[in-house]
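Everything numeric in this text was worked out from a predicted model, so none of it was measured.
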Amino acid sequence: QVQLVESGGGVVQAGGSLRLSCAASGRTSSLYAMGWFRQAPGKERDFVAGISRSGTSTSYSDSVKDRFTISRDNAKNTLYLQMNSLKPEDTAVYYCAARKLLAVVSTHTDYDYWGQGTQVTVSS
């Protein structure tokens with residue numbers, strides 16, 4: 001089994017930055033691609049960014065491209081999301097996810113493990 005724990009959320013003013021972390025524990029050797037999703041109240045869970053096991057392949061949603069950067073440190077079993085130039089519309093609960101397959105995908109049902117989420121609130 002795998003456990004994912006996010007941290008780093010909080011309240012920030014528009015234009016500010018936050019860095020989210022996701023610590024993985026358990027059978028982490030079974031994990032390949034990982035990703036970040038977010039869910040605002042009353043909305044569906046949306047893909048934010050994804051990264052391959054090696055870190056050489058990344059994917060971003062259009063809404064965060066050029067503002068957010070996903071990375072991972074496999075030695076520390078940790079996934080990161082650097083968020084810059086934050087906007088009020090980025091306000092959501094952010095979830096870390098991992099899957100047992102290689103491909104980086106954007107469909108949340110294709111991920112096998114999920115964290116509990118961390119709240120990000122961007123004030124205008």
Side-chain angles (χ1 to χ4, degrees):
Q1 190 66 297
V2 172
Q3 295 78 41
L4 302 175
V5 179
E6 302 97 335
S7 61
V11 180
V12 63
Q13 288 189 331
S17 299
L18 281 175
R19 188 193 195 200
L20 304 183
S21 299
C22 172
S25 60
R27 296 188 63 182
T28 56
S29 60
S30 66
L31 302 180
Y32 289 94
M34 297 187 73
W36 289 97
F37 289 76
R38 65 187 182 187
Q39 188 166 18
K43 296 189 176 182
E44 294 187 350
R45 189 167 297 191
D46 292 331
F47 174 77
V48 175
I51 189 168
S52 63
R53 181 176 177 85
S54 66
T56 56
S57 177
T58 58
S59 177
Y60 296 91
S61 68
D62 289 341
S63 62
V64 307
K65 199 174 295 183
D66 299 326
R67 297 189 299 123
F68 291 10
T69 302
I70 189 171
S71 62
R72 66 192 292 173
D73 185 336
N74 289 335
K76 296 181 178 180
N77 291 322
T78 303
L79 177 72
Y80 303 99
L81 184 68
Q82 178 66 44
M83 304 185 295
N84 299 328
S85 302
L86 283 161
K87 304 175 181 180
E89 51 264 43
D90 294 318
T91 295
V93 177
Y94 282 69
Y95 296 92
C96 166
R99 63 193 310 249
K100 295 183 283 187
L101 296 176
L102 288 171
V104 177
V105 296
S106 60
T107 306
H108 67 86
T109 53
D110 287 332
Y111 284 78
D112 302 294
Y113 303 102
W114 291 87
Q116 83 289 348
T118 185
Q119 176 71 46
V120 171
T121 302
V122 185
S123 61
S124 57

Residue pairs meeting salt bridge (charged side-chain N to carboxylate O under 4.0 Å, His left out), one or both in residues 69-89, sequence neighbours left out, come to none
In terms of heavy-atom contacts, S124 and P88 come closest through CB-CG, 3.9 Å
Side chain to side chain contact (heavy atoms under 4.5 Å, CB included) between L4 and L79, intermediate numbers included = CA-CA 10 Å; L4 302 175; L79 177 72; over 6 Å; no
Counterpart residues, side chain to side chain donor-acceptor pair (under 3.5 Å), relative to S71 (two or more places apart) | none
With sequence neighbours left out, the residues meeting side-chain contact (heavy atoms from CB on, under 4.5 Å) with T121 are V11, T91, Q119
Which ILVMFWY residues are connected to V104, directly or by a chain of links, through side-chain heavy atoms under 4.5 Å apart?
-> none
Using the test side-chain contact (heavy atoms from CB on, under 4.5 Å), find all partners of S54 that sit at least two apart in sequence or belong to another chain.
-> S52, T56
In the hydrophobic clustering (ILVMFWY, side-chain contacts below 4.5 Å, transitive), which residues join F37, or is it alone?
-> F47, V93, Y95, V105, Y111, W114
Tell me, please, which residues at least two apart from Q13 pass side-chain contact (heavy atoms from CB on, under 4.5 Å).
-> S123
Residue pair L81 / A49: nearest heavy atoms and the distance that separates them = CD1-CB, 4.3 Å
Can you tell me if Y80 uses its side chain to pair, donor with acceptor, with the backbone of T69 under 3.5 Å?
-> no
Looking only at non-hydrogen atoms, find the nearest pair between A33 and A103 and report the distance.
-> CB-O, 3.4 Å
Could you give the distance from NZ (K100) to OH (Y113), rounded to the nearest 0.5 Å?
-> 4.0 Å
Quick one: which residue pairs count as a side chain to side chain donor-acceptor pair (under 3.5 Å) with a foot in residues 34-43, not counting sequence neighbours?
-> R38-S63, R38-D90, R38-Y94, Q39-R45
Residue list, side chain to side chain donor-acceptor pair (under 3.5 Å) with T107, at least two apart or on another chain | none
With sequence neighbours excluded, residues passing side chain to side chain donor-acceptor pair (under 3.5 Å) with D66 = none
Answer whether the closest heavy-atom distance between the side chains of E6 and Q116 falls below 4.5 Å.
-> yes
To the nearest 0.5 Å, what is the distance between CG (D112) and CZ (R99)?
-> 7.0 Å
Interatomic distance, Q3 atom CD to N77 atom CG [nearest 0.5 angstrom] = 11.5 Å
How far does CG of L102 sit from CZ of R53, to the nearest 0.5 angstrom?
-> 9.0 Å
Is any side-chain heavy atom of F68 closer than 4.5 Å to a side-chain heavy atom of L86?
-> yes
The residue among V120, V64, I70, V48 that forms side chain to side chain contact (heavy atoms under 4.5 Å, CB included) with M83 is V120
If you look only at pairs with a residue in residues 50-124, which of them pass as a disulfide (SG to SG under 2.5 Å), with sequence neighbours excluded?
-> C22-C96
Taking only residues two or more places apart in sequence, or in another chain, which ones meet N84 in a side chain to side chain donor-acceptor pair (under 3.5 Å)?
-> S17, Q82
